[in-house]
2 protein chains.
Amino acid sequence: MRGLGICRVLVDLGWEEPRSNGQDTMTQERRSFSARRIMFRRDEIMSQVPVLCEGWAASTVQLTNGRRQILSFLLPGDMITAALLFDQRLHYSIDAITRGCYRVFDRAQFREAMFRSPKIFERILSIYNEEKIRADRLITDLGRRTGAERVACLILDLWDRLRKAGLAENDSIDFPLRQTHIADATGLTPVYVNKVLGEFRRSGLVTITERSLQINDEARLRRMTT
Amino acid sequence: MRGLGICRVLVDLGWEEPRSNGQDTMTQERRSFSARRIMFRRDEIMSQVPVLCEGWAASTVQLTNGRRQILSFLLPGDMITAALLFDQRLHYSIDAITRGCYRVFDRAQFREAMFRSPKIFERILSIYNEEKIRADRLITDLGRRTGAERVACLILDLWDRLRKAGLAENDSIDFPLRQTHIADATGLTPVYVNKVLGEFRRSGLVTITERSLQINDEARLRRMTT
DNA sequence: CGTAAAATTGAGCTGTCTCAATCAATGTGG
DNA sequence: CCACATTGATTGAGACAGCTCAATTTTACG
């Protein structure tokens, strides 16, 4: 249970106890969402900043011809985006992947905390920096890597993030993504993703069951991403 | 000459007069760089924040197998990246495209200004937001657009940025990019970029001469990017 | 148990790449 | 001011990674 149901960001800010023991002043009500629902729409004006407590989501962009790109996956504990602290307009949609719940916090509240404490200021900005670094990495993945490499990068990225958040079992992680999600995140086709994953599985790299992913040969997988 | 030689960011901050009339207290010496030089290396620890005054540069990532990706182009007046205000480590290299010059400013000086004035704070963060928005757009370009579309997006993006910075002639812009740069920015091959540009030229979309680009049919070009 | 969503597989097809050669432009040293 | 060297642009032929279309099987779930 460790790590589930609490929002890492808020713990970092000291707004929530690691072992959440009930009501504290900052606790907002949880809003729940169901799988495959659009949570927020592109260009929506957000007066508050949502933070995921449980479940997975994705920031997505829809092109006119139906093509879809996933910009990033949002894991339990993630703020939708730190950009909302500085810009009210959401520049992409947020789509739920699983069901889950989130809380919302006042931008003003967040910002006040930032100005009050340099440590919180640094923390928030480093969260935003991480978003940017991950975006830059995705750019080079999409621009200069083959399909198989991209899928490997994605798996390892999720692996590392979940691990760091304490959301990984020993050698496997919760993995609710459909192959369509992987396709939209890697700029590939569901059919092709299926072939890549089939290769991975057949060569003993990973084991994917309905809702979990196990990495059998991390070294080899990582070698694909260098 | 308008707009050349002064750094937009600094004007925005009130650190430099729009019509630069000599020495003021904030003016640092200009450092010049020559074309095709690596200006800063990935993972370099930057104690200061460089701002481009003249010339073009690019933030680039090199993969081990020689593949290269350009994350963004830096135009006259651009800060290398606002991320340097919050994180000393540069996460990619900066390569000069043309020759030009830049100035450096103390991170501390910048940050102090941010804390002193909420307006400057907003301004800096909105610069960072723009970087992030452009990165997100590039992700969807690379993930979900054809080669021709990507090139069109790139041209229009540069066009719009130069225009906004007051660095465009009536209908043409200074365009020092080699086809290799376009290839590395769009995730394509120089050979293929050449073919795409050939198409564009032959169909009367754009006219490219040695160092300038002219858009002949903006509407059609923009239609490719929707 | 039936139905809808997701995964899998196969057969072509095409956008983009690789390789390679040629040509144009620019800069450099003598 | 010329000859050469270097960098970039152009073009063609063939190859292949990844796509489309379409059919089939598996899984989830009310």
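Below, chains carry the letters A, B, ... as their sequence lines are ordered, and counting in each starts from 1.
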Value in whole Å for how far the C1' atom of dA5(C) lies from CD1 of I97(A): 16 Å
Does a nitrogen or oxygen in the side chain of Q179(A) sit under 4.0 Å from OP1 or OP2 of dA5(C)? no
Side-chain donor-acceptor pair under 3.5 Å between Y128(B) and N129(A), yes or no? yes
Between R37(B) and R99(B) (side chain of the first, backbone of the second, donor and acceptor by atom type, cut-off under 3.5 Å), is there such a pair? no
Nearest whole angstrom, please: distance from the C1' of dT16(C) to the CG of L142(A). 16 Å
Heavy-atom nearest nucleotide on DNA chain D for L177(B) versus K195(B): which residue maps closer to 5'? L177(B)
Parallel, tilted or perpendicular for F73(A) and W56(A), by the 30°/60° rule? tilted
Hey, does L197(B) reach any base, or is it just sugar-phosphate, or nothing, if we go heavy atoms under 4.0 Å? nothing
Taken to the nearest whole Å, CG/L188(B) to C1'/dA17(D) is 14 Å
Candidates dG10(C), dA17(D), dT18(C) - which lies nearest the side chain of V191(B): dT18(C)
The residue, R150(B) or G198(A), whose nearest nucleotide of DNA chain C is more 5′ is G198(A)
Both T180(B) and T146(A) contact DNA chain D. Taking the nearest nucleotide for each, which residue is further toward the 5' end? T180(B)
Check this one for me: any side-chain N or O of N194(B) less than 4.0 Å away from OP1 or OP2 of dA9(D)? no
Just wondering, do T81(B) and Y92(B) contact through their side chains at under 4.5 Å, heavy atoms? yes
Applying a 4.0 Å non-hydrogen cut-off, can you work out what R201(A) is touching in the nucleic acid: base, sugar-phosphate, or nothing? sugar-phosphate
Rounded distance (Å) that lies between atom C1' of dA9(D) and atom CZ of R202(B): 13 Å
Integer-rounded Å distance: dA6(C) P and R211(A) CZ: 13 Å
Within the structure, does a side-chain N or O atom of R178(B) lie under 4.0 Å from either OP1 or OP2 of dT7(D)? no
What's the CZ-P distance between R145(A) and dC17(C), to the nearest Å? 16 Å
Euclidean distance, atom CG of residue N65(A) to atom P of dC19(D) [Å, nearest integer]: 14 Å
Quick check for you: among dT27(D), dT18(C), dG8(D), whose closest atom lies nearest to any side-chain atom of E210(A)? dT27(D)
Between S212(B) and S172(B): side-chain donor-acceptor atoms closer than 3.5 Å: no
Report the distance from atom CZ of R67(B) to atom C1' of dC17(C), rounded to the nearest whole Å. 12 Å
